[in-house]
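Below is one structure, written out as structure tokens; comments come after it.
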2 protein chains.
Amino acid sequence: MVMTATPPYIQGVPGAGHMEAVRRGNLALVLGRIAETSPAGRRSRAQISALTGLTKASVSSLVLELISSGLVTEVGLNQQSRGRPGVELELNPNKAVLGAEINVDYLAVGVVSLAGTLLMHEVRERDNRPHGVERVMAALSQQCAVTAVAAEKEGIDVLGGGLAVPGLIDAAGQVVVSAPNLGWKNARPDLRVLLPGSPLGVVLCNEANAAALAEMDHQSDTDFMFVSGEVGVGGGLVVGRELFTGADGHAGEVGHVVVDPYGSDCLCGGRGCLETVAGQDAIADAAGLAGHPARSSRSLTLSVLLGLLKEGDARALSAVERAGFCLGLALASSARIVPFTSVVLGGHLAVLDPWLRISLMDSLQRYSAGRFPSGNVLVSALGSTGALLGAAGLALRWVLEAPHTLRR
Amino acid sequence: MVMTATPPYIQGVPGAGHMEAVRRGNLALVLGRIAETSPAGRRSRAQISALTGLTKASVSSLVLELISSGLVTEVGLNQQSRGRPGVELELNPNKAVLGAEINVDYLAVGVVSLAGTLLMHEVRERDNRPHGVERVMAALSQQCAVTAVAAEKEGIDVLGGGLAVPGLIDAAGQVVVSAPNLGWKNARPDLRVLLPGSPLGVVLCNEANAAALAEMDHQSDTDFMFVSGEVGVGGGLVVGRELFTGADGHAGEVGHVVVDPYGSDCLCGGRGCLETVAGQDAIADAAGLAGHPARSSRSLTLSVLLGLLKEGDARALSAVERAGFCLGLALASSARIVPFTSVVLGGHLAVLDPWLRISLMDSLQRYSAGRFPSGNVLVSALGSTGALLGAAGLALRWVLEAPHTLRR
DNA sequence: CCAAATAGTTTATGCTCTGAACTATAAGGA
DNA sequence: TCCTTATAGTTCAGAGCATAAACTATTTGG
């Protein structure tokens with residue numbers, strides 16, 4: 001648990017160990033083996049039996065249950081040198097989960113197959129700051145309904161969903177404790193309205209954590225830090241291929257590691273946090289854009305900044321260089337507390353990577369005593385769909401780790 | 001040993017979920033409920049049944065097995081208002097585990113009952129630096145043998161043990177990757193020689209981690225950082241009442257969080273690490289003891305430093321104050337990555353607490369935005385027995401979490 | 001001394017995995 | 001073509017474990 005917060009679907013397990021717990025665990029075990037195969041090399045019952053140590057009889061019975069619950073389908077035959085060919089199994093391509101994201105300037109909804117591929121998605125630009133929780137959720141649920149109908153038309157069944165929000169989520173996954181950029185505080189969105197008829201519910205998660213989770217599927221490393229550059233700097237920590245959220249969901253907040261003890265005050269109440277140097281606003285100000293008209297919009301600000309960097313503007317270059325230096329410092333310190341071995345940059349930090357990288361790598365190497373080869377600092381390939389995919393991924397894990405909840 | 005919230009009865013399953021896994025898990029579950037009771041309020045089978053949700057029949061059968069394996073004994077009767085009194089259960093007071101510690105200037109061995117109390121212990125002053133692994137282990141095993149005989153004379157049966165070493169242990173718990181203060185590198189001590197005839201083996205662990213584990217039993221908080229002040233500064237991180245070691249055992253190394261980007265080089269290869277300011281050597285040097293004859297011994301250095309502080313020596317006071325400031329800074333940053341809520345000071349940092357505390361609390365508050373009330377920064381009460389108790393505690397957990405390994 | 005309450009055990013039953021026998025299907029060789 | 005060999009998957013009896021309900025044991029209180 002490493003720590004790891006208990007996922008909500010584990011709560012269905014009562015305190016005592018019934019026999020059924022074994023069944024549930026084995027259902028998830030078998031489903032996991034089916035899920036981790038590529039279309040190229042799908043597995044048969046016999047292979048799963050060999051892989052898990054369960055007898056062929058048990059696997060047959062478990063697979064039967066997974067098929068009848070709709071999660072798994074039989075595809076083709078799998079001929080091994082000689083003998084009767086095995087029946088290839090795969091995750092049902094017609095079952096999916098929904099991923100959704102609320103951000104400052106858009107709402108995004110997508111459908112992700114059980115295998116994790118994004119089947120369809122729609123982003124609606126929209127300034128969400130002036131509206132309260134109810135109005136935003138109403139707009140989002142309307143958008144979800146449209147997407148769900150579109151999915152149904154293609155014969156796709158949506159089992160559950162995940163919602164990513166740029167704010168702090170409580171341990172129970174029900175309350176948005178605070179989302180400063182949205183102006184939310186202790187908001188309790190009604191998640192069921194997003195997917196009224198689905199067999200599973202909708203899980204709520206932090207946007208940086210979701211993005212980190214999505215990044216994991218495109219990443220071989222098992223322990224890494226995802227740094228999400230937004231207005232501030234968010235972090236998502238993955239330890240042993242599991243999201244590490246800590247007891248209260250605050251884990252991995254690299255944006256508030258102190259990089260300059262005598263630096264400026266931070267919105268969090270601290271001082272000299274990384275965010276005060278490497279947040280998008282902080283970089284823009286340091287680059288001399290403080291009074292610039294583009295500052296009203298995030299994307300505008302970023303493009304103006306990029307323009308200056310390409311022109312070779314000294315002030316912009318030095319602002320970004322300093323951000324890189326401090327980011328390296330904060331990451332090196334963080335890696336002593338939770339020893340991750342890779343870093344993935346997202347948001348504006350991904351965009352600014354070409355100008356950040358040298359100073360980032362310099363300080364990261366210097367302060368971590370050379371633990372991070374340059375190849376271990378990566379740029380996110382997912383861009384703006386990261387949070388969406390991650391939120392869906394969380395719902396996906398729910399299905400894959402607790403398939404018994406879909407029993408008929 | 002990454003923490004995970006797996007349901008208790010799934011633990012220890014080597015891949016597949018056999019039926020026996022349920023039995024194993026429930027044995028541990030019941031044993032845990034017996035272990036967590038105080039002598040004042042011991043539990044009966046009926047109470048455990050109510051607590052766990054297992055039926056009385058199951059609990060009876062499980063308890064029978066625990067009794068026949070020698071881990072549990074029936075004590076007295078437990079009268080509830082009316083009806084037949086329950087039979088009180090407790091951990092067998094005649095079963096124990098051994099705790100051992102190798103440090104720079106002593107060897108320590110102790111016997112700890114299943115309930116966690118230190119029954120006997122012996123510390124032998126001895127400079128271990130000049131000797132290699134084999135010689136030190138030979139001396140330690142001789143000391144263990146003496147202690148084991150003494151325990152046997154009192155009718156106490158030693159089931160297993162733990163060994164704490166001031167160095168980095170590999171993930172498998174077999175190799176001391178490096179113990180700079182002992183001069184060990186990739187040492188592979190033969191652990192079996194410490195307890196040749198015991199039913200369980202001996203586990204190896206890091207000294208700061210062991211001390212953190214021991215501290216946990218005297219602490220209500222579930223998430224805290226133990227800071228061990230030695231020549232350098234070690235850290236042990238406890239998350240959700242579990243030791244958090246990370247994939248490679250490096251987790252919680254607060255001593256190498258960067259507190260001064262332009263500070264001096266650290267032995268670890270980094271720069272400006274907390275250790276270069278708050279390690280015992282660093283404080284002594286900053287206090288002006290660089291050439292002092294007492295510097296040859298750790299305890300001497302510390303007592304000279306204490307003398308200076310009590311005299312009000314300005315240089316010593318400012319050295320310690322700066323250490324406190326930097327410690328607060330490093331802890332505030334660390335708490336953003338893994339959100340612990342308390343801090344326990346050990347080693348020289350515990351001794352220097354009166355002179356450290358003000359600057360420590362000031363910077364901790366400043367940089368953590370007031371997350372740490374003063375009462376959440378504690379001084380270790382265990383002193384030098386911490387590592388011993390923690391090593392034994394690790395062996396104890398082994399017994400308590402896998403009681404089936406002691407089946408007859 | 002008996003009723004009510006609580007503790008613990010016995011017994012019949014059901015669930016889930018296992019192991020071995022059995023059926024199904026294919027490749028390769030005579 | 002047909003038989004042997006190899007592999008996949010199913011069936012069925014049996015063992016282990018937890019459950020529920022009935023039963024025994026022991027105490028308080030009237």
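Bear in mind the structure is a predicted one, so any value in this text is a computation, not a measurement. Naming: A, B, ... by sequence-line order, numbering from 1 per chain. The figures that follow rest on heavy atoms only: side chains count, while hydrogens, waters and symmetry mates do not.
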Point to revise | A/Asn26 side chain near C/dT16 phosphate (N/O to OP1/OP2, under 4.0 Å) | key: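 For C/dT16, OP1/OP2 do not have a side-chain N/O of A/Asn26 under 4.0 Å.
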Exercise for review: Indicate whether OP1 or OP2 belonging to D/dT19 is found under 4.0 Å from a side-chain N or O atom of B/Thr55.
Suggested key: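 For B/Thr55, the contact criterion (side-chain N or O under 4.0 Å from OP1 or OP2 of D/dT19) is met.
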Between [N] ([atom2]) and [X] ([atom1]): distance, integer Å:
| X | N | atom1 | atom2 | value |
| --- | --- | --- | --- | --- |
| A/Leu54 | D/dG9 | CG | C1' | 15 Å |
| B/His404 | D/dC17 | NE2 | P | 12 Å |
| A/Leu64 | D/dA8 | CG | C1' | 16 Å |
| B/Leu62 | D/dA18 | CG | P | 5 Å |
| A/Arg42 | D/dA8 | CZ | P | 17 Å |
| A/Arg23 | D/dG16 | CZ | C1' | 16 Å |
| B/Leu27 | D/dG16 | CG | P | 15 Å |
| A/Arg43 | D/dA8 | CZ | P | 14 Å |

Exercise for review: Only counting residues at least two apart or in another chain, list the ones meeting side-chain hydrogen bond (donor to acceptor under 3.5 Å, both in side chains) with B/Thr117.
Suggested key: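 For B/Thr117 the side-chain hydrogen bond (donor to acceptor under 3.5 Å, both in side chains) partners, ignoring immediate neighbours, are B/Ser113.
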Review point. Taking atom CG of B/Leu98 and atom CG of B/Leu396, what is their separation to the nearest 0.5 Å?
Key: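 So the CG of B/Leu98 and the CG of B/Leu396 are separated by 12.0 Å.
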**Study point:** N-O pairing of A/Glu74 and A/Arg42 below 4.0 Å
**Key:**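 No, this pair does not count.
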Review point. Using a cut-off of 4.0 Å between protein heavy atoms and nucleotide atoms, how would you tag nucleotides 3-14 of chain C 5' to 3' with B, S and -?
Key: -SBBBBBB----
**Study point:** Side-chain heavy atoms of A/Asn94 within contact of A/Asp157, under 4.5 Å
**Key:**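 They are not in side-chain contact.
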Review point. Is B/Arg241 atom CZ crowded by more than 12 heavy atoms from other residues, nucleotides or ligands, each under 6.0 Å away?
Key: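 For B/Arg241, atom CZ is crowded (more than 12 foreign heavy atoms under 6.0 Å).
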Exercise for review: Return the set of residues passing salt bridge (Lys or Arg N to Asp or Glu O under 4.0 Å) with A/Arg23 (not counting sequence neighbours), or none when no residue passes.
Suggested key: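 By the salt bridge (Lys or Arg N to Asp or Glu O under 4.0 Å) rule, A/Arg23 matches A/Glu65.
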